[in-house]
Amino acid sequence: MPELAPLAINTRPALSVLVLSLILGLALPLAPASAGVLRDKLMERRQERKEQRAEQAAEKNEMTEPESADLAPQGLPAGTKVLRDISYGSDQRQTMDVYLPTNVASQKHMPVIFMVHGGAWKIGSKTARGVVENKLAHWLPKGYIFISINYRMLPEIKPLEQADDVAKALAAAQTRAAEWGGSRNRFILMGHSAGAHLVSLLASSPSIASKAGASAWLATISLDSAAYDISKIMEQKHYRFYDEAFGTDPAYWQATSPSLQLQKSAAPFLAVCSSIRPDKPCAQAGAFVDKAKSLGMQAVLLPQSLSHADINKNLGLDNAYTVAVDQFLKQFDTVLHAAHD
């Protein structure tokens, strides 16, 4: 029997038919229902990309100091004396700058504004223009001492330890206030962004400060923190840097939440918030203020139609915002500007 030749299979005609079918399928109009579904998916994808870009831009704005440049000497009010890099701990970032008004030699018991910079708990500087420039220009001529601090940062140091750093710096500044012409009993705590979260945490958990040796202060001014309830933030869609700062442990979220830690009345509190930020910080700030009031604490919400950066750098300019902050401080006039403690 003759051997059969192998069966030769020619795939080219079948392939050609398949390609032709695909081309015809693409060329033919989709059924109305299919076209509508595809259009909706495309629009949904475009919207997702738009939201992602907006979120990335907002996160970058939150992460970055509004002014990366240091304040130049010529930007200081005339006659200002500056004491740089005063240490309050062994780490190179545990330092503070003290700005003294021109007439400091003849002054005693001056009030002190104690400033904590922001930067998503991982960047920032005590010398950034947005942190100090306009505030110095406004409050130094009014007879205030202004102190701006650095603290240790992520990823090595987490927010609770950063709050400890702020408390240690406060205690050191209060201890040395008299030698600078100030009063340990006339401190105003102020912070922006992550720094606002840290001073708010001290305000709601005074034991953090007292363990470090700090004494009571007159008031706290929080400049645009969105982080009063960390648990609520972490349980919803949030910026990625919150994960790096607060991790995955719900117990840690609670321990770092000013709103959840606030259990009794404390020093008066002013919560400034941006009403135009996409993550709506005024919602959390308002909830904190409401809880503070329910505990008998004096608390004020001050929404501003300003960006996150401008909330910081515009304070001290000749505007209604600065007037409102001064009005909050006016209640302490008899204490702040008394001739003696």
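For the single chain, residues carry numbers from 1 onward in sequence order. These figures come from a predicted structure and were not determined experimentally.
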Taking all non-hydrogen atoms of both residues, which atom of P281 and which atom of A226 are closest, and how far apart?
-> CB-CB, 3.7 Å

If we ignore angles and hydrogens, is there a donor and acceptor under 3.5 Å between the side chains of W253 and T256?
-> no

The reported gap from SG in C273 to CG in D224 (rounded to nearest 0.5 angstrom) is 7.0 Å

I221 and L301: same hydrophobic cluster, using ILVMFWY side-chain contacts below 4.5 Å?
-> no

List the atom of Q331, the atom of P268, and the distance in Å for their closest heavy-atom pair.
-> OE1-CG, 4.4 Å

Taking atom CG of D318 as the centre, does the number of heavy atoms from other residues, nucleotides or ligands within less than 6.0 Å exceed 12?
-> no

Report the relative orientation of the aromatic rings in F241 and W121; use parallel for angles under 30°, tilted for 30 to 60°, perpendicular for over 60°.
-> tilted

Any sub-3.5 Å donor-acceptor pair from S222's side-chain atoms to A271's backbone N or O?
-> no

For G143 and P111, the nearest pair of non-hydrogen atoms, with its separation, is O-CD, 3.4 Å

Answer with yes or no whether the hydrophobic clustering places L218 together with L223; edges join I, L, V, M, F, W, Y residues whose side-chain heavy atoms lie under 4.5 Å apart.
-> yes

State yes or no: are the ring centers of Y144 and H138 separated by less than 6.0 Å?
-> no

Check: A196 main-chain N/O paired with S225 side-chain donor or acceptor under 3.5 Å | no

Side-chain contact test, heavy atoms from C-beta onward, threshold under 4.5 Å: evaluate it for I188 versus L329 and give yes or no.
-> yes

Is it true that a side-chain atom of K291 and a backbone atom of L262 form a donor plus acceptor pair closer than 3.5 Å?
-> yes

Go through Q92 and D85 one step at a time and tell me if the side chain to side chain contact (heavy atoms under 4.5 Å, CB included) criterion holds.
-> CA-CA 9 Å; Q92 63 179 356; D85 297 323; over 6 Å; no

Between the CE atom in M115 and the CD1 atom in I149, the distance rounded to the nearest 0.5 Å is 10.0 Å

So F288 and F269, would you call those rings parallel, tilted or perpendicular, with 30° and 60° as cut-offs?
-> tilted

Please round to the nearest 0.5 Å and tell me the distance separating atom OG1 of T80 and atom CG of L100.
-> 8.5 Å

Does any N or O in the side chain of S274 come within less than 3.5 Å of the main-chain N or O of I276, such that one atom is a donor and the other an acceptor?
-> yes

Pairwise side-chain contact, T248 with M234, heavy-atom cut-off 4.5 Å (strictly under) = no

Ignoring hydrogens and angles, tell me if any N or O in the side chain of Q94 forms a donor-acceptor pair with the backbone of S90 under 3.5 Å.
-> yes

Do I113 and K135 come close enough that some side-chain heavy atom pair is under 4.5 Å?
-> no

Let me see the working for E161 and K158 under salt bridge (Lys or Arg N to Asp or Glu O under 4.0 Å), right down to the final yes or no.
-> CA-CA 6 Å; E161 294 167 293; K158 303 288 276 184; over 6 Å; no

Interatomic distance, L270 atom CG to L189 atom CG [nearest 0.5 angstrom] | 13.0 Å

Start with the C-alpha distance between F146 and V82, add both sets of side-chain angles, then the distance that settles side chain to side chain contact (heavy atoms under 4.5 Å, CB included), and finish with yes or no.
-> CA-CA 10 Å; F146 190 91; V82 187; over 6 Å; no

Is there a donor-acceptor pair under 3.5 Å between the side chain of R184 and the backbone N or O of A177?
-> no

Measure the spacing between CG of D279 and CD of Q284 and express it to the nearest 0.5 Å.
-> 9.0 Å

Could you walk me through whether I233 and Y239 pass the side chain to side chain contact (heavy atoms under 4.5 Å, CB included) check?
-> CA-CA 9 Å; I233 289 172; Y239 294 137; over 6 Å; no

Can you name the one residue among D165, D91, D164 that meets side chain to side chain donor-acceptor pair (under 3.5 Å) with R152?
-> D165

Side-chain contact, heavy-atom cut-off 4.5 Å: Y99 with L140?
-> yes

Common cluster, L302/L317, ILVMFWY with side-chain heavy-atom separation under 4.5 Å | no

Min side-chain heavy-atom separation R84-T127 under 4.5 Å = yes

Shortest non-hydrogen contact between I311 and Y321, atoms and distance = O-OH, 2.6 Å

Is there side-chain contact between V132 and D97, with heavy atoms separated by less than 4.5 Å?
-> no

Verify the neighbour count for atom CD of Q236: are there more than 12 heavy atoms of other residues, nucleotides or ligands below 6.0 Å?
-> yes

Any sub-3.5 Å donor-acceptor pair from S307's side-chain atoms to D310's backbone N or O?
-> yes

Return the orientation label for the F246 and H197 ring planes: parallel under 30°, perpendicular over 60°, tilted otherwise.
-> perpendicular

Could you pull out the closest heavy-atom pair between K122 and M153, with the gap in Å?
-> C-CE, 3.3 Å

Is the NZ atom of K232 crowded by more than 12 outside heavy atoms at less than 6.0 Å?
-> no

Would you please test V98 and K81 for side chain to side chain contact (heavy atoms under 4.5 Å, CB included) and show each step?
-> CA-CA 8 Å; V98 181; K81 182 179 179 182; over 6 Å; no

State plainly whether one hydrophobic cluster holds both F332 and W139, where clusters connect Ile, Leu, Val, Met, Phe, Trp and Tyr through side-chain heavy atoms under 4.5 angstrom apart.
-> yes

Taking side chain as C-beta onward, heavy atoms only, is Q254 less than 4.5 Å from Q261?
-> yes

Using modelled atom types only, decide if a donor and an acceptor are shared between the side chain of Q174 and the backbone of S215 within a distance under 3.5 Å.
-> yes

Is any side-chain heavy atom of V131 closer than 4.5 Å to a side-chain heavy atom of S125?
-> no

Do F114 and I145 share a hydrophobic cluster, counting only Ile, Leu, Val, Met, Phe, Trp and Tyr and linking them when any side-chain heavy atoms are less than 4.5 Å apart?
-> yes

Would K330 and D333 pass as an ion pair if we require N to O under 4.0 Å?
-> yes

Does N150 use its side chain to pair, donor to acceptor, with the backbone of K126 at less than 3.5 Å?
-> yes

Short side-chain to backbone donor-acceptor contact, S257 and S259, under 3.5 Å = no

Starting at CG of N312, measure out to CZ of R129 and round the result to the nearest 0.5 Å.
-> 12.5 Å

Nearest heavy-atom pair of A209 and W217: which atoms, and what distance?
-> CB-CZ3, 3.7 Å

